[in-house]
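Bear in mind the structure is a predicted one, so any value in this text is a computation, not a measurement. Naming convention: chains lettered A, B, ... in sequence-line order (proteins, then strands); numbering from 1 in each chain.
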Number of protein chains: 2
Amino acid sequence: MLKIAVDAMGGDFAPVSEVEGALEATRDLDVGVILVGQTEKIQSELDKHRHTRAQGGASWPNSRIEIVDAQEVITMNDPVANAVRRKRNSSIRVAAKLVRDGAAQALVSAGNTGAVMMTAKLVIGTLPKVDRPALAAVLPTLTGHGTVILDVGANAECKPKHLYEFAVMGALYSSVIVGVHKPRVGILSIGEEEAKGNDLTKEAFKLLKHSPLNFIGNVEGRDMYTGQADVIVCDGFTGNVALKVSEGVFEFMMSLLKKELTSSLQTKAGAILSRPAFQKFKKRLDYAEYGGAPLLGINGVTVICHGRSTPKAIRNAIAVAREYCNGDISTKIEDHLEFEEKVAL
Amino acid sequence: MLKIAVDAMGGDFAPVSEVEGALEATRDLDVGVILVGQTEKIQSELDKHRHTRAQGGASWPNSRIEIVDAQEVITMNDPVANAVRRKRNSSIRVAAKLVRDGAAQALVSAGNTGAVMMTAKLVIGTLPKVDRPALAAVLPTLTGHGTVILDVGANAECKPKHLYEFAVMGALYSSVIVGVHKPRVGILSIGEEEAKGNDLTKEAFKLLKHSPLNFIGNVEGRDMYTGQADVIVCDGFTGNVALKVSEGVFEFMMSLLKKELTSSLQTKAGAILSRPAFQKFKKRLDYAEYGGAPLLGINGVTVICHGRSTPKAIRNAIAVAREYCNGDISTKIEDHLEFEEKVAL
């Protein structure tokens, strides 16, 4: 059975979300979970679930859950390079070592994103044919199935060939995990024509045009949620901005809507009647439904969750990690990059 | 009286929106408008408004409206460099010449953004102390007054000193047009700390830190609509992506909400009761309310409108152009850049 190492000290609500998410995952899925962190805190959180199945949660004791101790914690405010170097016994590092040593097949963390990425690269290592691992996110779209966008934060500066690598990795992820046949790959740019964009996107366009991928050209920010492309590639700076702007617009619109809907008795009554619609609407846009963001190109599976992850988000990230392992994406990435090396570039 | 040259052939609904917007502007504001384009089309559109004040529109004939003929039209699909060079008698170019020659004080166009920017730079010219003119947009925020973001598309590649120029120009725009005292200036980046970002933002951070501007450091995409900064600077690629992602999220959320709200009789009834709230909500987010995007750093006022501009959007863009002229922003930009040249850099 697959074992997933979960950094129990990572998220804003750690270890509450991590423990409950792990229990739910072991109940629902064919996986074991190793909770890594301060044993006493994890144990006391697990004890809250002793012999209960409250709200559908799984019970404890549970033979599929193990604890591995790690006393140090990297916080959201720790300077990344320093923390990764100094805190040799952090929950992130100990969990990564379990993956490196084969005791676990995947790492899931809702901790400091920069620290998780750096630790995964340092401890687990990058796939031999990959130059730059990339963080991918799966976006909800109007057409229903998700669009994979990468890089969303691992590499602030990129070269054209990195965007090419991202395209290969993203297409494999889309096809194996999202289930898209011949995923359409686009470059995030500021105009559809080949000549539109910055130096990076224009050069990447040339590389992708001659690749065996199903390349559809440039896509614009406006198309991120239309499902027009299955995979969107960009440098990690642009991708991170695009993702955070999306969050900002969502929060802004929800605040504004709430304000207007509660401004009179009539609109309030309307909002109450419409509540089921709002609930479905929010569920569609809930990042927790999509689990975490996979770090593609690592020599082992790493899934990074939002700092504010709920138990459901952790459970779904474990599910993503499991599919990633079962789909054997890392081997496929290596095979494809080797093939492309020989044929296309 | 100020005269504004309006490219009557520019937008998707040209010359309908342009003519009606011009009539509304001359009715509401102390301005004259020169409609530039195919005389026969403009004339026939104006004739529809003859002696009527239907729906609050202004009537025609109207001594504040003139027509200047330009038979060529640059379309949205024209390759920019070619069109600007070849179409010597395009409505955009003729309108820009009116500004260059002093027959008009400002140019307003809903045409091909790239063509308008290039024409303005070529024909009207850049301010002597400005290296790169930048396109600015005013974003709605939760706190009510708008946040100025630039560059949103004029310069896909930027150097740190360009971001510095954008900061000076944006701060002046915020203070004179939006009415903010000591506008807070931020750099759009992917983390708040100085060390977060790409090479461009990190270098720009150093320049801005030592400037006399009210610099508040990096802001993230999430903060674009919170009103945390009054001015946000970034390269034109990132700014354009950020703006178009915002549009995409807005359209995605509206489609999804509509779908859910019409999914049952109950939620439909709720939506009908809530209609006034939805209308106010949409009005707050309507780009038409904000008029157009000023091209800052041009030796004359240029305001660029959305291709899909309504008459109201054109009217409001004319209002923005008028305030820009009255605020004498160009002179102020020159003064500030000269001062900063001597003192800070």
Side-chain angles (χ1 to χ4, degrees), chain A residues 79 114 140-142 153 156-157 188-191 193 195-199 201 220-226 234-238 240-253 255-257 260-264 266-278 280-281 284-285, chain B residues 79 114 140-142 153 156-157 188-191 193 195-199 201 220-226 234-238 240-253 255-257 260-264 266-278 280-281 284-285:
Chain A
T141 65
L142 277 179
E157 301 284 345
L188 184 57
S189 190
I190 59 173
E193 306 81 8
K196 291 276 178 74
N198 57 17
D199 297 345
T201 66
E220 295 198 74
R222 207 180 278 130
D223 308 319
M224 263 173 67
Y225 297 89
T226 58
C234 55
D235 66 86
F237 182 88
T238 304
N240 194 276
V241 167
L243 212 60
K244 287 186 180 155
V245 167
S246 302
E247 263 186 71
V249 174
F250 175 74
E251 279 165 24
F252 173 57
M253 284 180 68
S255 302
L256 209 56
L257 200 54
E260 296 300 349
L261 282 171
T262 53
S263 66
S264 81
Q266 181 193 322
T267 56
K268 259 185 217 171
I272 291 168
L273 279 173
S274 310
R275 191 171 286 159
F278 284 112
K280 271 196 268 178
F281 170 70
R284 275 287 294 277
L285 295 174
Chain B
T141 65
L142 277 179
E157 302 285 345
L188 184 58
S189 190
I190 59 173
E193 307 80 8
K196 291 276 177 74
N198 58 16
D199 298 345
T201 65
E220 295 198 74
R222 206 180 278 131
D223 308 318
M224 263 173 66
Y225 297 89
T226 57
C234 55
D235 67 86
F237 182 88
T238 305
N240 194 275
V241 167
L243 212 61
K244 286 185 181 155
V245 167
S246 301
E247 262 185 70
V249 174
F250 175 75
E251 280 164 23
F252 173 57
M253 286 180 68
S255 302
L256 209 56
L257 200 54
E260 296 300 349
L261 283 171
T262 53
S263 66
S264 81
Q266 181 192 322
T267 56
K268 258 186 218 168
I272 290 167
L273 277 173
S274 311
R275 190 169 287 158
F278 285 112
K280 269 194 270 178
F281 170 71
R284 275 288 293 277
L285 296 173

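- Heavy atoms closer than 4.5 Å to chain A are found in both the backbone and the side chain of B:Gln266.
- Proximity to chain A (any heavy atom under 4.5 Å) is shown, for B:Ser189, by both the backbone and the side chain.
- The most heavy-atom pairs under 4.5 Å with chain A, out of B:Leu243, B:Thr226, B:Leu261, come from B:Leu261.
- If you tally non-hydrogen atom pairs under 4.5 Å between each of B:Asn198, B:Val249, B:Thr262 and chain A, the highest count goes to B:Asn198.
- Using a 4.5 Å heavy-atom cutoff, the side chains of B:Leu257 and A:Leu257 are in contact.
- For the salt bridge (Lys or Arg N to Asp or Glu O under 4.0 Å) test, residues two or more places apart in sequence or in another chain that qualify with A:Glu193 are A:Lys196.
- Here CG of B:Asp235 is found 7.0 Å from OG1 of A:Thr238. Values are rounded to the nearest 0.5 Å.
- Applying the side chain to side chain contact (heavy atoms under 4.5 Å, CB included) test to B:Ile190 and every residue at least two apart in sequence or in another chain returns A:Ala156, A:Phe237, A:Asn240, A:Val241.
- Between A:Leu142 and B:Ser255, the shortest heavy-atom distance links the atoms CD2-CB, 3.7 Å.
- One finds the CZ atom of A:Phe252 at 10.0 Å from the OG atom of B:Ser246 (value rounded to the nearest 0.5 Å).
- Counting heavy-atom pairs under 4.5 Å between each of B:Met224, B:Lys244, B:Lys268, B:Arg275 and chain A puts B:Lys244 at the top.
- For the set B:Gly114, B:Gly197, B:Gly153, the entry with the most heavy-atom pairs within less than 4.5 Å of chain A is B:Gly197.
- Counting heavy-atom pairs closer than 4.5 Å to chain A, the top residue among B:Arg222, B:Glu251, B:Glu247 is B:Arg222.
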